[in-house]
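The block underneath contains the structure these notes are about, expressed in structure tokens.
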There are 2 protein chains.
Amino acid sequence: MADAAKPDLAHGHHVQGHAAHDHQGHDHGGARAGGVTLTRNQSLVLGILEKADAPVTAYGILDALRPEGIRAPLQVYRALDKLIELGVAHRLESINAFVSCQHDGCHDVAGTVFMLCEKCGHAEEMADAETSAHLGALALMARFKPARTTIEMRGLCAACAGT
Amino acid sequence: MADAAKPDLAHGHHVQGHAAHDHQGHDHGGARAGGVTLTRNQSLVLGILEKADAPVTAYGILDALRPEGIRAPLQVYRALDKLIELGVAHRLESINAFVSCQHDGCHDVAGTVFMLCEKCGHAEEMADAETSAHLGALALMARFKPARTTIEMRGLCAACAGT
DNA sequence: CCCGTGTATGTTATGATATTACGCAAGTCA
DNA sequence: TGACTTGCGTAATATCATAACATACACGGG
Ligand SMILES: [Zn+2]
Ligand SMILES: [Zn+2]
Ligand SMILES: [Zn+2]
Ligand SMILES: [Zn+2]
């Protein structure tokens with residue numbers, strides 16, 4: 001109880017939802033506005049990612065959300081799966097961590113390039129249509145049908161490289 | 001004893017070794033020929049990767065090498081680290097697995113693209129200088145100094161897509 | 001020859017990341 | 001109503017990776 005009117009944390013997240021299946025279970029009263037309204041868990045997880053200034057691991061998210069009642073890894077992983085499917089979060093394969101999308105929701109995920117600083121932990125997300133096109137051509141030549149593409153560069157960011 | 005002349009397993013792996021530090025500990029009698037001669041563990045691990053037709057996990061390697069006396073994950077991970085450093089093996093970040101290099105040892109690792117079939121498990125390695133150049137330009141614009149670059153596409157290979 | 005240094009090894013224990021299996025609750029729709 | 005879908009909660013387990021410590025061998029200088 002005390003769920004319909006609880007102004008302290010206001011999980012009012014909603015996204016544009018290119019995968020708009022519409023019905024998505026009980027929504028705990030979030031304000032739906034054209035896009036998909038996130039559930040409480042999804043909104044909590046996205047909130048952590050958005051206010052972090054670096055990628056966060058699933059267990060990092062879990063620890064951050066224990067005060068909110070999140071207790072098991074699965075609750076985090078399930079929310080992450082959904083957020084990634086919606087394009088509002090990304091998984092960084094090379095460091096087993098997650099970030100919120102820095103753009104307006106990545107729908108063409110194939111051209112998303114991440115630059116991960118190994119010193120300060122900063123993750124910069126960029127879209128590069130040309131790289132995307134080249135990889136697409138490469139796949140076409142190999143008759144490969146790509147579903148998900150990961151491009152991650154690890155090194156030093158501008159600040160840490162001192163340039 | 002019986003170390004200098006032991007023809008039964010003949011771990012005669014040797015690579016071109018762009019990181020030629022020369023002296024690299026006791027080599028169990030491998031035939032060094034200009035490049036770096038691998039140690040027994042390194043040679044065993046590389047052997048598993050080379051004869052596999054798909055990426056292998058570290059624990060898969062471990063299981064495969066138990067008959068040869070390998071017992072602990074660390075023995076495998078250490079060998080893998082060295083093989084990757086030498087450019088004769090690669091780590092596939094998105095599936096936590098390893099493959100032997102399909103080229104003649106990747107020295108410019110930045111342009112290596114992997115196409116991973118999610119149905120049959122096949123991993124195809126390609127070098128794409130153009131993609132590499134684009135990513136390099138992108139990094140330059142962002143003043144980012146890349147150390148390692150991962151490019152992995154997951155989807156369906158030509159055979160599995162039925163094209 | 002002895003010894004310091006670098007590299008590889010072997011073993012145990014632990015940490016970090018991710019999934020399976022089960023049951024339940026709530027909304028949608030015929 | 002009843003089948004179906006989606007999400008939630010919990011416990012247990014699976015999978016992936018590293019820390020810490022001790023030992024062994026090659027090399028080269030003193
Ligand atoms: Zn994005
Ligand atoms: Zn940095
Ligand atoms: Zn290669
Ligand atoms: Zn296939």
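Throughout, a chain's letter reflects where its sequence line sits, starting with A, and its residues are numbered from 1.
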Using atom CG of B:Leu62 as one end and atom P of D:dT18 as the other, report the distance to the nearest whole Å.
15 Å
If you look only at distance, which donor and acceptor atoms sit under 3.5 Å apart when one is on a side chain in residues 129-141 of chain B and the other is two or more places apart or in another chain?
residue, atom, partner, partner atom, Å
B:Glu130, OE1, A:His134, NE2, 3.4
B:Thr131, OG1, B:Asp128, OD2, 2.5
B:His134, NE2, A:His134, NE2, 3.3

Any carboxylate oxygen within less than 4.0 angstrom of a Lys/Arg side-chain nitrogen, looking at B:Arg148 and A:Glu152?
no
So, is A:Arg71 close to the D:dT10 phosphate, meaning a side-chain N or O under 4.0 Å from OP1 or OP2?
yes
B:Gln42 has an atom CD; how far is it from atom P of C:dT7, in whole Å?
12 Å
With a 4.5 Å cut-off on side-chain heavy atoms, are B:Val45 and B:Leu83 touching?
yes
Members sharing A:Leu156's hydrophobic cluster (side chains within less than 4.5 Å):
none
Short side-chain N/O contact to D:dG9 OP1/OP2 from A:Gln75, under 4.0 Å:
yes
For A:Leu92 and C:dT17, what is the distance between atoms CG and P respectively, to the nearest whole Å?
13 Å
Roughly, in whole Å, what's the span from CD in A:Glu93 to C1' in C:dT17?
12 Å
Each nucleotide in nucleotides 19-24 of chain C should get exactly one letter: B, S or -. Can you fill that in based on protein heavy atoms under 4.0 Å?
BBB---
Rounded to whole angstroms, how far apart are CG on B:Leu38 and P on C:dT7?
16 Å
Looking at C:dT11, C:dT17, D:dG7, which one has an atom nearest to any side-chain atom of A:Thr57?
C:dT17
Heavy atoms from C-beta onward define the side chain here; which of D:dG9, D:dC16, D:dT10 lies closest to that of B:Asn96?
D:dC16
Looking only at heavy atoms, the pair that brings A:Phe144 and B:Met153 closest together is CZ-O, 3.6 Å
Identify whether the distance between the nearest side-chain nitrogen and carboxylate oxygen of B:Asp81 and B:Arg78 falls below 4.0 Å.
no
OP1 or OP2 of C:dT9 versus the side-chain N and O atoms of B:Thr39: is any pair under 4.0 Å?
yes
Taken to the nearest whole Å, CG/B:Asp63 to C1'/D:dA14 is 13 Å
To the nearest angstrom, how far is A:Leu83 atom CG from D:dG7 atom P?
11 Å
When the distance from CG of A:Asn41 to C1' of D:dC8 is rounded to whole Å, what number comes out?
7 Å
Answer yes when B:Glu124 and A:Arg143 have at least one side-chain N-carboxylate O distance shorter than 4.0 Å, and no when they do not.
no
